[in-house]
Amino acid sequence: MIQIFQIIEEASRGSKFYNHKKQRQEKIDERIRRMLELKDSFTPEQVSRAEAQMDALTAQLEQSRDLSRFIVHVDMDAFYAAVEMRDRPELRDVPMAVGSNSMLSTSNYAARKFGVRAAMPGFIGRKLCPQLVIVPCDFDKYRAASQLVQQVMARYDPDFSMVSLDEGYLDITDRVATEMDGDTGDQSEDEMAQRLVREMRAEICRLTRLTASAGIAANGMLAKICSDQNKPDGQFFLPRERRAVLDFLRELPVRKVSGIGNVLSQQLAALEVTRCGELLERRGLVRLLFSECIQLSLLRAGLGADPPGVGRDEDSHQKSVSTETTFAGHSRTPRSCRSYWESCVSSCPKTSAARACADGLSR
DNA sequence: TACATACAC
DNA sequence: CATGGTGTATGTA
């Protein structure tokens with residue numbers, strides 16, 4: 001609804017945050033203007049040469065396209081909010097969100113009807129929905145629930161990989177195969193994969209009293225998109241056939257692809273690319289206007305050809321540790337900053353311990 | 001190498 | 001009144 005946008009706009013206008021955001025948007029607009037200028041300078045020959053180059057890349061990607069795996073993306077529905085609703089029945093039928101007055105982590109579906117969303121400040125949430133109940137985060141509880149979810153996932157793929165507390169990827173290809181050997185019935189592999197995922201979701205629900213949605217496809221990129229299709233408490237299966245994948249992607253908004261965010265989707269929109277299918281049609285421009293790295297990921301998004309793993313590759317270890325806090329306006333004095341800095345330093349592991357830790361991590 | 005930007009959750 | 005924190009990847013000076 002347009003009203004929602006108006007309320008947010010009105011609540012934000014004039015604030016520092018708003019001005020900063022506007023300034024950043026102007027920079028993006030400027031970049032897009034320059035991009036379009038460059039675009040207009042291309043000759044048809046240049047574009048068709050670029051298309052040919054993309055076609056070569058496409059052939060390569062098609063060559064290595066792997067349709068042999070069943071990758072599953074599991075995504076818990078409104079996770080933090082669902083945990084709170086489970087534990088506090090009085091919250092079950094009211095619009096509520098988890099977070100604080102300054103930031104909401106997630107909202108339940110009742111609150112979403114009012115436009116209350118994750119990453120929205122609580123005070124704006126309350127403008128959109130005066131009855132909104134905001135409950136503080138309780139990460140210990142969410143971690144505990146996540147542990148239970150992971151117990152279930154591990155039974156379907158011991159090598160599953162979590163992205164965050166509420167979502168993860170599995171490769172159930174082997175599990176499907178063994179299940180096909182053992183049990184009879186003239187069930188296809190596709191049906192078996194879907195049955196297993198339905199079963200897994202039911203087990204998650206039984207163990208946690210929380211619902212999960214899931215996507216099943218040939219690779220992680222597609223599975224993630226699919227898990228969003230029938231949310232909440234649903235699943236979506238995308239057949240592992242090139243034709244089905246291309247048909248599915250043709251009309252899919254580029255913004256749904258993980259990795260295509262606010263800025264890139266604006267740039268693409270300026271090129272009249274809003275659907276994944278259009279990434280292929282306009283591949284010449286993509287080639288001429290974006291970095292090699294982006295070219296590749298956009299082509300992948302158009303083709304649905306992603307490397308098949310689930311992230312859990314050989315030496316995947318955390319690469320950095322950091323901390324960051326925003327000071328309230330009144331406490332932003334040299335003295336308080338200094339004392340904050342002191343506390344960071346004193347809570348940082350001493351060098352020998354840090355080295356040991358680094359050794360541990362690098363293994 | 002350092003710093004800035006984009007992105008995800 | 002008022003808009004987060006952690007981590008990864010990539011681009012640029």
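Naming: A, B, ... by sequence-line order, numbering from 1 per chain. The structure displayed is predicted, hence computed values, not measured ones.
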How long is the line joining CD of A:E10 and P of C:dC1, in whole Å? 12 Å
A:M103 CE to C:dG5 C1', in whole Å, measures 10 Å
Contact under 4.0 Å: [X] side-chain N or O vs [N] OP1/OP2:
{"X": "A:R31", "N": "B:dA6", "answer": "yes"}
{"X": "A:T323", "N": "C:dG5", "answer": "no"}
{"X": "A:K256", "N": "B:dA8", "answer": "no"}
{"X": "A:R24", "N": "B:dT5", "answer": "no"}

Any idea which of [options] is nearest the [X] side chain?
{"X": "A:L264", "options": "C:dG4, B:dC7, B:dC9", "answer": "B:dC7"}
{"X": "A:F123", "options": "B:dA8, C:dT8, C:dT3", "answer": "C:dT3"}
{"X": "A:E324", "options": "C:dT6, B:dA6, C:dA2", "answer": "C:dT6"}
{"X": "A:S102", "options": "B:dA6, C:dG5, C:dG4", "answer": "C:dG4"}
{"X": "A:F17", "options": "C:dA2, C:dT3, B:dT5", "answer": "C:dT3"}
{"X": "A:Q318", "options": "C:dG5, C:dT8, C:dT3", "answer": "C:dT8"}
{"X": "A:S164", "options": "C:dT3, B:dC9, B:dA6", "answer": "B:dC9"}

What class does the angle between the rings of A:H73 and A:Y169 fall in, given that below 30° is parallel, 30 to 60° is tilted and above 60° is perpendicular? tilted
Residue pair A:S322/A:I8 against DNA chain C: nearer the 5' end by closest nucleotide is A:I8
Is a side-chain donor-acceptor pair under 3.5 Å present for [Y] with [X]?
{"X": "A:S213", "Y": "A:D77", "value": "yes"}
{"X": "A:S41", "Y": "A:E37", "value": "no"}
{"X": "A:D190", "Y": "A:S188", "value": "no"}

Using the C1' atom as the reference point in each nucleotide, state the distance between B:dC7 and C:dG4 in Å, no decimals. 15 Å
Assign [X] to base, sugar-phosphate, or nothing according to its heavy-atom contacts below 4.0 angstrom with the strands shown.
{"X": "A:K27", "value": "sugar-phosphate"}
{"X": "A:R126", "value": "nothing"}
{"X": "A:N262", "value": "sugar-phosphate"}
{"X": "A:I124", "value": "base"}

So with a 6.0 Å cut-off around CZ of A:R24, is the heavy-atom count from everything else above 12? no
For A:K113, look at atom NZ and say whether over 12 heavy atoms of other residues, nucleotides or ligands are found less than 6.0 Å away. no
Please give me the minimum heavy-atom distance between A:L285 and A:K39, naming the atom from each residue. CD2-CG, 3.6 Å
Atom pairs, protein N/O to nucleotides 9-13 of chain C N/O, distance under 3.5 Å:
{"unit_1": "C:dA9", "atom_1": "OP1", "unit_2": "A:K319", "atom_2": "NZ", "d": "3.4"}
{"unit_1": "C:dA9", "atom_1": "OP2", "unit_2": "A:K319", "atom_2": "NZ", "d": "3.0"}
{"unit_1": "C:dG11", "atom_1": "OP1", "unit_2": "A:S291", "atom_2": "OG", "d": "2.4"}

Tell me whether the NZ or CZ atom of A:R112 lies within the 45° cone about the ring axis of A:Y109 and under 6.0 Å from its centre. yes
Would you state whether a donor and an acceptor, one from the side chain of A:S12 and one from the base of C:dT3, lie under 3.5 Å apart? yes
